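As the structure is a computational prediction, the values presented were derived from the model and not from experiment. Every number for a ligand or one of its atoms is a count from 1 in the order of the listing. Only this structure's heavy atoms are used, side chains among them; waters, hydrogens and symmetry mates stay out.
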Amino acid sequence: MRHFPGFLDQTTQEKLVEDLRDLVEKAPLFTPVMPRIGKPFSVRMTNLGALGWVSDKAGYRYQAAHPVTGKPWPAFPESLLVIWDMVSHYPHPPEACLVNYYTGSAKMGLHQDRDEEDFAAPVVSISLGDTAVFRVGGIARGGKTQSFKLASGDVVVLDGASRLAFHGIDRVIAGTSTLLKSGGRINLTLRRVTKPAVS
Ligand code: SIN
Ligand code: FE2
């Protein structure tokens with residue numbers, strides 16, 4: 001994987017948070033639940049773009065409408081498309097931006113991002129707010145993993161051999177950033193969902 005510490009400067013981070021505040025009013029954060037068992041996630045989520053990733057008792061999938069409001073997801077702010085163009089090395093635009101909001105002891109178990117059709121497209125992850133302990137392993141479940149910190153403004157790209165790497169968030173370290181007024185961490189992941197007709 002590729003890690004760009006401090007990729008976004010303070011002004012860009014502040015502007016992005018301001019944009020997100022408006023967008024989250026239109027597409028409110030919701031608490032997804034695990035497929036089948038219905039156990040709630042500890043993060044809250046929403047999405048931007050043509051397609052959004054959701055999880056409920058029926059399973060994981062991308063869909064065009066917000067599960068609570070039934071409305072289309074809001075469009076990406078331009079700044080996200082600029083970041084994608086800078087780091088993705090992929091000639092088509094992203095279609096989905098998953099917004100994960102971590103507060104308190106929220107975390108995310110090890111998983112692969114594999115609900116997309118085109119693994120030639122990377123997953124581009126942007127961290128805002130408190131520092132997280134990110135864990136990454138190989139492409140087999142149960143393999144060796146290592147952890148490192150993701151701070152506000154960091155960008156991570158999962159592509160090539162790392163595109164299907166298991167990854168997750170062990171914990172978020174409270175009080176490590178003042179970007180978000182009430183603390184916590186926002187992670188944005190940009191994804192291409194459908195395979196483009198022509199590559
Ligand atoms: C995710 O894998 O969906 C989120 C990872 C992160 O919060 O950095
Ligand atoms: Fe993920």
Using the ring centroid of each side chain, check whether His3 and Phe134 are separated by less than 6.0 Å. no
Any nitrogen or oxygen of [X], main chain or side chain, under 3.5 Å from a nitrogen or oxygen of ligand 1?
{"X": "Ser125", "value": "no"}
{"X": "Asp113", "value": "no"}
{"X": "Ser127", "value": "no"}

Side chains of Glu95 and Tyr62, donor plus acceptor under 3.5 Å: no
Any side-chain donor paired with an acceptor under 3.5 Å for Arg44 and Thr31? no
Please identify which of these residues, Asn47, Ile186, Thr189, meets the side-chain contact (heavy atoms from CB on, under 4.5 Å) condition with Val99. Ile186
Leu128: which of Asn187, Leu20, Asp154 passes side-chain contact (heavy atoms from CB on, under 4.5 Å): Leu20
Of the protein's non-hydrogen atoms, which lies at the shortest distance from [atom], and what is that distance?
{"atom": "atom 5 (C) of ligand 1", "answer": "Asn187 OD1, 3.7 Å"}
{"atom": "atom 7 (O) of ligand 1", "answer": "Tyr102 OH, 2.5 Å"}
{"atom": "atom 8 (O) of ligand 1", "answer": "Arg185 NH2, 2.9 Å"}

Record the part of Asn100 in heavy-atom contact with ligand 1 below 4.0 Å; permitted values are side chain, backbone, both and neither. side chain
Out of curiosity, Leu164 CG to Leu158 CG, how far, rounded to the nearest 0.5 Å? 9.0 Å
Measure from the Fe ion (ligand 2) to every N/O/S atom of Asp113 and report the name of the nearest one. OD1
Which atom of His167 approaches the Fe ion (ligand 2) most closely (N/O/S): NE2
Short list, please: which atoms of ligand 1 are under 4.0 Å from a heavy atom of [X]?
{"X": "Met108", "value": "1 (C), 2 (O), 3 (O), 4 (C)"}
{"X": "His167", "value": "2 (O)"}
{"X": "Ile169", "value": "6 (C), 7 (O), 8 (O)"}

Could you tell me whether Lys107 and Asp170 make a salt bridge, using a distance below 4.0 angstrom between a side-chain N and a carboxylate O? no
Does a salt bridge link Arg61 with Asp56, judged by any charged N lying under 4.0 Å from a carboxylate O? yes
